[in-house]
Amino acid sequence: QVQLAEAGGRLVRAGGSLRLSCATSGLDISNHAMAWFRQAPGKEREFVAGCDWRGTNTAYADSVKGRFAISKVNAVNTVYLQMNNLKPEDTAVYYCNAAGVYYLSGVYSPSSYWGQGTRVTVSS
């Protein structure tokens with residue numbers, strides 16, 4: 001059974017930084033693409049960042065390019081999202097997705113494996 005557990009979300013002031021983690025069990029992430037999505041109140045879930053199975057090819061939403069970075073640490077089966085220079089519009093619940101399809105064009109097609117989410121609130 002695949003399980004994903006996000007952590008690290010909290011209240012932070014604009015301009016601050018957070019690192020989210022997604023610990024995965026039941027799946028060896030070294031063989032799979034991974035991604036982060038987010039859902040703000042009243043909005044649809046949207047793609048934030050993704051990487052291929054190597055972790056070397058990455059893609060980002062335009063709104064977070066240059067501020068967020070996704071990384072994988074296969075040894076602990078965990079994917080991270082480093083978020084810098086946070087803005088109020090980054091406020092959302094952030095979800096991890098595992099074993100989707102990462103296309104070389106930078107598009108990530110999610111799988112059915114989702115975590116429960118972690119809430120990030122950025123105050124102005």
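No hydrogens, no waters, no symmetry mates; every other heavy atom, side chains included, goes into these values. Numbers here are sequence positions counted from 1.
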Ile29 and Val73: same hydrophobic cluster, using ILVMFWY side-chain contacts below 4.5 Å?
no
With salt bridge (Lys or Arg N to Asp or Glu O under 4.0 Å) as the rule and sequence neighbours excluded, what pairs involving residues 55-71 come up?
Asp62-Lys65, Arg67-Asp90
Salt bridge (charged side-chain N to carboxylate O under 4.0 Å, His left out) with Arg19: which residues, sequence neighbours excluded?
none
For a 4.5 angstrom cut-off between non-hydrogen side-chain atoms, does Thr78 reach Thr24?
no
Closer than 3.5 angstrom, by distance alone: can the side chain of Lys72 be matched with the main-chain N or O of Ala33 as a donor-acceptor pair?
no
When every non-hydrogen atom of Gly106 is compared with those of Ala59, the smallest separation belongs to O-CB, 3.1 Å
Side chain to side chain, Ser17 and Gln82, heavy atoms closer than 4.5 Å
yes
For residues Asp28 and Ser30, report the shortest heavy-atom separation together with the two atoms involved.
OD1-OG, 2.7 Å
Any pair counted as disulfide (SG to SG under 2.5 Å), so long as it reaches residues 55-124, sequence neighbours left out
Cys22-Cys96
What pair of heavy atoms forms the shortest contact from Leu81 to Trp36, and how long is it?
CB-NE1, 3.5 Å
Report yes if some heavy atom in the side chain of Phe37 is under 4.5 Å from a heavy atom in the side chain of Tyr108; otherwise report no.
yes
Result block: side-chain N/O donor-acceptor pairs under 3.5 angstrom for residues 42-53, not counting sequence neighbours:
residue, atom, partner, partner atom, Å
Glu46, OE2, Arg38, NE, 2.7
Glu46, OE2, Arg38, NH2, 3.3
Asp52, OD1, Arg54, N, 3.3
Asp52, OD1, Gly55, N, 2.8
Asp52, OD1, Thr56, N, 3.2
Asp52, OD1, Asn57, N, 3.3
Asp52, OD2, Asn57, ND2, 2.7

Write out all pairs satisfying ring pair (Phe, Tyr, Trp, His ring centres under 6.0 Å) with one or both partners inside residues 74-103, taking only residues at least two apart or from two chains.
none
Could you list the residues that satisfy side chain to side chain contact (heavy atoms under 4.5 Å, CB included) with Gln3, not counting sequence neighbours?
Gln1, Ser25
Enumerate donor-acceptor pairs with a distance under 3.5 Å from any side-chain N or O in residues 114-124 to protein atoms, sequence neighbours excluded.
residue, atom, partner, partner atom, Å
Trp114, NE1, Ser111, O, 3.3
Gln116, NE2, Glu6, O, 3.2
Thr118, OG1, Gly9, N, 2.9

Under a side-chain separation threshold of 4.5 Å, the hydrophobic residues clustered together with Leu4 are Val2, Leu27, Tyr113
Test side chain to side chain contact (heavy atoms under 4.5 Å, CB included) applied to Arg10 - qualifying residues, sequence neighbours left out
Val12, Leu18
Does Ser71 have any side chain to side chain donor-acceptor pair (under 3.5 Å) partners at least two apart in sequence or in another chain, and if so, which?
none
Go through the structure and list residues passing side chain to side chain donor-acceptor pair (under 3.5 Å) with Asn74, not counting sequence neighbours.
none
Sorted by chain and residue number, the side chain to side chain donor-acceptor pair (under 3.5 Å) partners of Gln39 (sequence neighbours excluded) come out as none
